[in-house]
Amino acid sequence: MTMSFENVRPDEIREAAIDTLTMLGLSLLFTVVIGLLLGIVLYLTSRGQLLSQPIAYGVLSFVVNVLRSVPFVILMISIMPFTKWLTGTSIGVEGSIPPLVVAAAPFFARLVETSLREVDRGVIEAAQAMGASSWTIVRRVLLRESRLGLVAGITITAVTLVSYTAMSGVIGGGGLGDLALRYGYQRFQTDVMLVTVVLLVILVQLLQSIGDSVVRRLSRK
């Protein structure tokens with residue numbers, strides 16, 4: 001197969017790659033911040049935990065489950081008015097970040113909750129016996145003891161966001177997904193589709209390698 005790249009300039013591929021990295025970086029940042037806070041609240045308010053509030057946990061858990069259940073493409077379309085209100089546009093890189101965060105934050109929150117549940121209960125009880133406040137226990141015990149699981153969760157979320165950024169091309173979100181849709185699918189340029197897929201695979205492999213490396217370093221400490 002000859003790589004002709006008809007009607008596709010090299011700078012378009014470079015710009016699409018940069019847009020994908022921008023969407024990934026910003027959405028991952030907001031996802032980690034929001035998802036971490038949400039996951040901590042889910043853990044603390046669950047039955048038998050430090051701030052046990054079964055009703056609050058039930059409501060929050062329901063909302064998280066609903067957001068996780070909606071397919072990303074449908075979610076993007078359904079929150080377009082909110083996205084436009086928040087960013088001033090519902091397309092391009094700016095218009096893609098809010099739906100990416102709304103889709104990924106609940107997913108990451110569940111990973112955070114799971115990681116926190118794996119912390120030895122005895123360590124938490126020892127901290128309570130020493131008079132540590134709830135915030136101190138979260139900061140110095142829970143987050144510290146669950147750091148390997150949290151890093152693994154961030155890695156999984158980053159890889160998931162790569163696929164979401166590709167799907168954002170359906171609504172003109174920019175990036176490699178948009179390039180693949182416009183040239184690879186609509187104009188039947190298989191070579192462009194192949195290049196975008198290869199770039200996305202390389203990005204996923206790189207993210208996974210970085211995450212695994214961080215986990216290995218933390219596990220030695």
Side-chain angles (χ1 to χ4, degrees), residues 22-83 85-87 94-121 123-124 127-128 132-165 167-168 173 207 210-211 214-215 218:
T22 302
M23 285 189 288
L24 175 63
L26 291 176
S27 61
L28 182 61
L29 174 62
F30 290 122
T31 293
V32 169
V33 173
I34 296 173
L36 182 62
L37 293 175
L38 193 57
I40 291 173
V41 172
L42 280 169
Y43 171 79
L44 292 177
T45 57
S46 61
R47 193 177 300 276
Q49 300 304 332
L50 299 175
L51 304 176
S52 180
Q53 294 287 340
I55 295 178
Y57 175 81
V59 172
L60 189 57
S61 181
F62 175 77
V63 173
V64 167
N65 289 339
V66 168
L67 292 175
R68 290 178 61 203
S69 302
V70 180
F72 180 63
V73 173
I74 297 176
L75 179 65
M76 279 193 302
I77 297 171
S78 63
I79 68 169
M80 271 186 173
F82 169 73
T83 300
W85 171 80
L86 185 64
T87 65
E94 296 86 353
S96 297
I97 292 174
L100 286 170
V101 175
V102 171
F107 173 76
F108 181 62
R110 283 300 188 192
L111 296 179
V112 171
E113 182 187 9
T114 301
S115 296
L116 295 179
R117 288 186 183 279
E118 293 176 355
V119 176
D120 187 353
R121 184 71 184 178
V123 179
I124 299 174
Q128 287 179 304
S133 65
S134 297
W135 167 241
T136 300
I137 293 174
V138 169
R139 185 165 53 93
R140 296 190 177 181
V141 178
L142 291 172
L143 293 181
R144 183 178 180 83
E145 293 295 321
S146 64
R147 62 186 184 278
L148 295 181
L150 293 177
V151 171
I154 292 173
T155 304
I156 294 171
T157 304
V159 171
T160 302
L161 277 170
V162 171
S163 65
Y164 285 174
T165 60
M167 284 187 279
S168 68
L207 290 171
I210 293 173
V214 173
V215 168
L218 289 175

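Residue indices begin at 1 and follow the sequence shown.
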Can you tell me how far apart [atom1] ([X]) and [atom2] ([Y]) are? Round to the nearest 0.5 Å.
X    : Y    : atom1 : atom2 : answer
S146 : I40  : OG    : CD1   : 8.0 Å
Q53  : L60  : CD    : CG    : 12.0 Å
L86  : E94  : CG    : CD    : 11.5 Å
L36  : E113 : CG    : CD    : 12.5 Å
F107 : L38  : CZ    : CG    : 13.5 Å
L29  : I97  : CG    : CD1   : 10.0 Å

**Message:** Counting C-beta onward and ignoring hydrogens, is there a side-chain heavy-atom pair between L116 and L44 closer than 4.5 Å?
**Reply:**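 In short, these two side chains do not touch, never coming nearer than 4.5 Å.
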
**Message:** Is the shortest side-chain heavy-atom distance between L150 and L143 below 4.5 Å?
**Reply:**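 They are in contact (side-chain heavy atoms under 4.5 Å apart), so the answer is yes.
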
Partner set under side-chain hydrogen bond (donor to acceptor under 3.5 Å, both in side chains) for [X], not counting sequence neighbours:
X    : answer
E145 : none
S46  : R117
S133 : T136
S78  : none

So, for [X] and [Y], which heavy atoms are closest and what is the spacing to 0.1 Å?
X    : Y    : answer
G48  : R121 : O-NH2, 3.2 Å
M76  : S168 : SD-CA, 3.6 Å
A104 : T157 : CB-CG2, 4.2 Å
L100 : S27  : CB-CB, 3.8 Å
V112 : G35  : CG2-O, 4.1 Å
A158 : L28  : CB-CD2, 4.0 Å

Any residue meeting side-chain contact (heavy atoms from CB on, under 4.5 Å) with [X], in chain and number order, not counting sequence neighbours:
X    : answer
T83  : I79, T87, P98, P99
L148 : V215, L218, S219
L24  : L161, V162, L203, L207
S61  : L42, Y57, N65, R110

**Item:** Sequence-distant partners of F72, ring pair (Phe, Tyr, Trp, His ring centres under 6.0 Å), two or more places apart
**Value:**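 Partners of F72 under the ring pair (Phe, Tyr, Trp, His ring centres under 6.0 Å) test: Y164.
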
**Message:** Between L67 and V63, is the side chain to side chain contact (heavy atoms under 4.5 Å, CB included) condition met? List the steps.
**Reply:** CA-CA 6 Å; L67 292 175; V63 173; 4.2 Å; yes

**Residue R140 excluded, over 12 heavy atoms near CZ under 6.0 Å** =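 No, because the 6.0 Å sphere around CZ of R140 holds 12 heavy atoms or fewer from other groups.
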
**Prompt:** Got a sec, which residues hit salt bridge (Lys or Arg N to Asp or Glu O under 4.0 Å) with R47, two or more places apart in sequence or on another chain?
**Reply:**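 Listed in chain order: nothing, the list is empty.
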
**Message:** List the residues meeting salt bridge (Lys or Arg N to Asp or Glu O under 4.0 Å) with R144, not counting sequence neighbours, and say none if there are none.
**Reply:**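 Here no residue qualifies.
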
